[in-house]
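For reference, the structure discussed in these notes is given below.
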Amino acid sequence: MATLGCKACRCPLSTKMDIISGLSSFAFETGLNEDDEKLLYLRARSAGLTFCGCAHAVYLCNLVHSLRCIIKSHTAKRDSVASGGHHDLCVGILGMGHMGKQLLLSLLEMTGIKSSHIQVSTRRPESAVKFVKTGVECFFDNRRLAAWSDILFLCCLPSHLPRVCADLHSHLSKHCLVYSFTSAVPVTRLARLLGHDFIVRPQYDFVACDTADVWLSCSHLTTALKDPLLIAASCPVTMTGGISLGLNWVCVVLYSLLNICTSAGLGSCDALSLINSLFKEKSTLAVQLNAQNFISSSYASSLLTEEPFPWISLTDAQTKETPLLCFLSSNTSMQQCISAAYKSLLKTPVKLEDYIPVSMERSESTSELQSRLSSLSFSSFPGIPSEQRCDSRPTDRLQNTDLSQSFTQSKTNMDETKEDSEHHSEGNEEAPSEPAPGEGAEENNSAASCEKKAQMPPLMPPATWTSVALKELKEKLRPEKDSVVTVYRGDIMTVNVPTVPEAKKVCWEFATDGYDIGFGIYFDWTPVTNRSITVHISESSDDEDEEEDLAAPATNGDVEKGSKIQTTKSNLAEVLPVYRQDSHLLVHGGSHDFPGDGTYLLKFDNSYSLWRNKTLYYRVYYSD
């Protein structure tokens with residue numbers, strides 16, 4: 001882009017234009033052969049997927065934020081506010097690749113969510129420095145992000161998913177809504193890996209059409225998200241441009257809103273009223289959702305007005321035919337209401353003050369008002385009050401729907417929620433319980449490991465450095481056969497370096513050809529029995545065998561299956577977390593003083609690369 005102005009009159013240089021506009025030699029298509037030109041449609045498809053993914057995520061966040069605000073207002077009017085929590089929606093983003101960055105920009109620009117209530121976990125926090133300036137906190141701790149988030153967006157590669165799920169497993173709150181952008185991984189498998197059923201996974205389909213080029217104008221996403229034409233093209237109910245999503249996604253979003261009301265302890269009558277109000281304000285059509293639209297008619301007919309809806313498994317809602325899907329498919333008026341709400345919520349970010357009653361605002365001080373409205377944290381709802389349960393409800397009333405099994409199980413879970421809340425703190429800590437048959441030994445070992453872990457001395461940080469002598473190091477190491485290796489795409493190479501009595505520290509240097517590589521160090525406190533330096537290569541696969549392995553506790557020392565985070569079940573301690581290093585530009589080196597008897601694990605991580613093998617030049621040695 002160039003800025004033009006009049007030098008003669010010294011007028012402001014306010015007119016901007018593209019200086020390469022109209023120059024065919026600079027066009028993207030220039031130089032493409034006939035085979036390549038056949039793939040040009042993928043440009044529009046890629047832009048459309050990014051736009052629709054971000055737009056639909058913004059829509060969901062705005063809906064959830066709106067509902068939470070209405071719940072606070074509704075609860076405040078009744079003067080019955082529960083204790084604890086804050087009113088702000090906490091949004092987490094796991095992964096800062098292309099999709100993660102575009103999503104973050106969209107949330108900052110198109111929602112009323114405060115930047116201080118958005119956190120990002122990424123293997124390369126340094127790549128998100130510009131977002132830190134806006135107030136977004138960036139770090140590399142997937143567990144911490146899972147425990148904090150009300151909505152957690154997964155923006156990682158499919159090859160990373162098993163390890164990511166191992167990190168998140170058992171650290172997600174029951175009420176944390178997980179939204180997955182990870183392709184080629186069905187929601188059923190994702191639910192098994194996470195041990196979690198509150199998951200939304202959009203399933204986009206492609207159809208041939210003449211209007212697909214509409215997405216090519218999405219070069220600047222935040223600007224495109226304000227374009228009425230593109231907003232209309234991305235509407236989930238009536239999508240155009242060769243991409244479709246379908247009513248199933250809309251149903252899942254509505255079921256998630258219902259679960260939020262259930263988590264807040266709202267009766268079915270209040271829950272329906274609040275959800276209907278989200279769409280009534282955005283449309284002139286008088287369409288009301290009722291209980292029969294969400295659950296079977298037999299269950300709905302016996303549901304008391306003050307009794308909460310059952311917890312709905314979103315996994316079942318996305319894989320089975322639901323009453324809500326049948327209703328929406330045949331009701332065009334409700335589809336129009338949803339479309340109107342979609343377009344409105346994208347244009348107008350949600351603000352909490354829009355939902356605060358005027359009488360309250362006048363009668364209470366600011367601090368008192370904030371205290372009253374901070375009661376219903378979405379991440380810490382206490383569960384369903386005992387007086388609102390109906391334990392005697394016969395389960396045969398749930399048999400007239402495909403979701404009956406899910407509803408029956410959810411009813412049991414609801415009845416147990418209160419009891420569980422007495423043993424669980426407001427996080428993800430698990431209460432002590434009687435060990436199941438065959439599990440006592442494992443728990444005792446875990447407890448012993450934790451006790452041993454607590455006795456381990458803290459590790460000092462390593463000394464690290466970089467050098468521009470890239471060429472010199474490569475020339476020096478190239479003749480040494482074992483010092484030049486190929487770390488294949490998807491692989492992790494671990495160099496096991498035991499401590500030796502003749503030295504006091506371990507040292508390392510490495511560089512790569514052409515591309516970066518991940519690097520980190522861990523220390524295994526297990527007493528050394530073999531003083532030999534060994535190398536281990538592990539593959540990052542996505543098959544079912546690995547999935548089953550991840551479902552079980554990680555074994556000691558098996559850092560490739562998640563135990564690098566689950567350090568309470570091993571003797572591992574973190575010296576340097578794995579980060580991608582620009583080792584193709586600079587030599588990276590460092591040293592670390594022996595903390596005691598044990599083995600260093602130097603990890604060269606190429607698991608994030610789907611296509612590129614990395615040529616690695618490295619050396620590890622001891623020093624006094």
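Please read these numbers as outputs of a predicted model, since none were measured by experiment.
- Contact detail for Leu67 and Leu278: the closest heavy-atom pair is N-CD2, 3.9 Å.
- A donor-acceptor pair under 3.5 Å is absent between the side-chain atoms of Asn331 and the main chain of Phe327, judged by distance alone.
- Residues Gln318 and Gln203 fail the side-chain proximity criterion, which asks for heavy atoms closer than 4.5 Å.
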Show your reasoning for whether side chain to side chain contact (heavy atoms under 4.5 Å, CB included) applies to Leu221 and Cys54. CA-CA 9 Å; Leu221 186 62; Cys54 291; 3.5 Å; yes
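- Thr111 contributes a side-chain N or O that, together with a main-chain N or O of Leu107, makes up a donor-acceptor pair within less than 3.5 Å.
- Without hydrogens or angle criteria, Thr262 side chain to Phe309 main chain gives a donor-acceptor distance under 3.5 Å.
- For Ser273 (side chain) and Asp270 (main-chain N/O), no donor-acceptor pair under 3.5 Å exists by modelled atom type.
- Taking both residues in full, the closest heavy atoms of Trp215 and Gly241 are given as NE1-O, 2.9 Å, listed atom of the first, atom of the second, then distance.
- Residues Leu152 and Leu177 are not in side-chain contact: their nearest non-hydrogen atoms beyond the backbone lie 4.5 Å or more apart.
- Of all non-hydrogen atoms in Leu266 and Ala271, the two that sit nearest each other are CB-N, 4.5 Å.
- A cation-pi geometry, defined here as NZ or CZ lying under 6.0 Å from the six-membered ring centre and within 45° of its normal, holds between Arg580 and Tyr608.
- The shortest side-chain heavy-atom distance between Thr222 and Leu108 does not fall under the 4.5 Å cut-off.
- In this structure, Asn293 and Gln288 approach most closely via the heavy-atom pair OD1-O, 4.0 Å.
- Within the 4.5 Å cutoff, the side chain of Val250 has no heavy atoms near those of the Leu324 side chain.
- A distance of 8.5 Å separates CG in Asp141 from CG in Asp167, rounded to the nearest 0.5 Å.
- The structure places CZ of Phe206 at 4.5 Å from CZ of Arg45, a figure rounded to the nearest 0.5 Å.
- Between the NE2 atom in His160 and the CG atom in Leu154 there is a gap of 13.0 Å [rounded to 0.5 Å].
- Proximity of Cys52 to Met239: side-chain heavy atoms (C-beta onward) are separated by under 4.5 Å at one or more points.
- Between His117 and Trp148, the gap from one ring centroid to the other reaches at least 6.0 Å.
- In terms of modelled atom types and a separation under 3.5 Å, the side chain of Ser149 and the main chain of Ala146 share no donor-acceptor contact.
- Residues Thr182 and Cys156 share a closest heavy-atom pair of OG1-O, 3.2 Å.
- The minimum heavy-atom distance linking Tyr179 with Ala57 is given by the pair OH-N, 4.4 Å.
- Ion pairing between a basic and an acidic side chain is recognised when a charged N comes within 4.0 Å of a carboxylate O; Arg192 and Asp197 show no such pairing.
- Side-chain contact, Ser121 with Asn142: a donor N or O sits under 3.5 Å from an acceptor N or O.
- Residues that satisfy the side chain to side chain contact (heavy atoms under 4.5 Å, CB included) test with Glu137, not counting sequence neighbours, are Gln119, Phe139, Arg144.
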For His196 and Leu168, what are the C-alpha separation, side-chain angles and deciding distance, and is it a side chain to side chain contact (heavy atoms under 4.5 Å, CB included)? CA-CA 10 Å; His196 193 68; Leu168 302 182; over 6 Å; no
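- Considering only heavy atoms from C-beta on, Leu194 comes within 4.5 Å of Ile199 through its side chain.
- Just one residue in the list Val178, Leu103, Leu104 forms a side chain to side chain contact (heavy atoms under 4.5 Å, CB included) with Phe153, and that residue is Leu103.
- In this structure, the separation between CG on Leu274 and SG on Cys261 is 5.5 Å, given to the nearest 0.5 Å.
- Side-chain atoms of Tyr579 do not come within 3.5 Å of backbone N or O of Pro125 as any donor-acceptor pair.
- A donor-acceptor contact shorter than 3.5 Å is absent between the side chain of Gln102 and the backbone of His98.
- Cation-pi contact between Arg124 and Phe140: absent, since separation from the ring centre below 6.0 Å together with deviation from the ring axis within 45° is not met.
- Here the straight-line distance linking atom SG of Cys90 with atom CG of Leu145 works out to 10.5 Å at 0.5 Å rounding.
- Rounded to the nearest 0.5 angstrom, Arg201 CZ and Leu190 CG are separated by 8.5 Å.
- The backbone N or O of Gln292 sits nowhere less than 3.5 Å from a side-chain atom of Ser297 that would complete a donor-acceptor pair.
- For the pair Tyr59 and Ile231, the minimum side-chain heavy-atom distance is 4.5 Å or more.
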Assess the residue pair Val578 and Arg123 against the criterion (side chain to side chain contact (heavy atoms under 4.5 Å, CB included)); give the C-alpha distance rounded to whole Å, side-chain angles, the decisive distance to 0.1 Å, and a yes or no. CA-CA 7 Å; Val578 176; Arg123 293 158 58 93; 4.1 Å; yes
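- The ring pair (Phe, Tyr, Trp, His ring centres under 6.0 Å) check on His56 picks up Tyr204, Trp249, Tyr342, with sequence neighbours excluded.
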Quick one, Thr322 with Ile312, criterion side chain to side chain contact (heavy atoms under 4.5 Å, CB included). Give me CA distance, side-chain angles, the key distance, then yes/no. CA-CA 11 Å; Thr322 63; Ile312 309 297; over 6 Å; no
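- Between the side chain of Ser330 and the main chain of Cys326, a donor-acceptor pair closer than 3.5 Å is present.
- Side-chain contact between Thr122 and Leu94 is absent, with no heavy atoms from C-beta onward closer than 4.5 Å.
- Panel note: side chain Thr50, backbone Ser46; a donor-acceptor pair is recorded below 3.5 Å.
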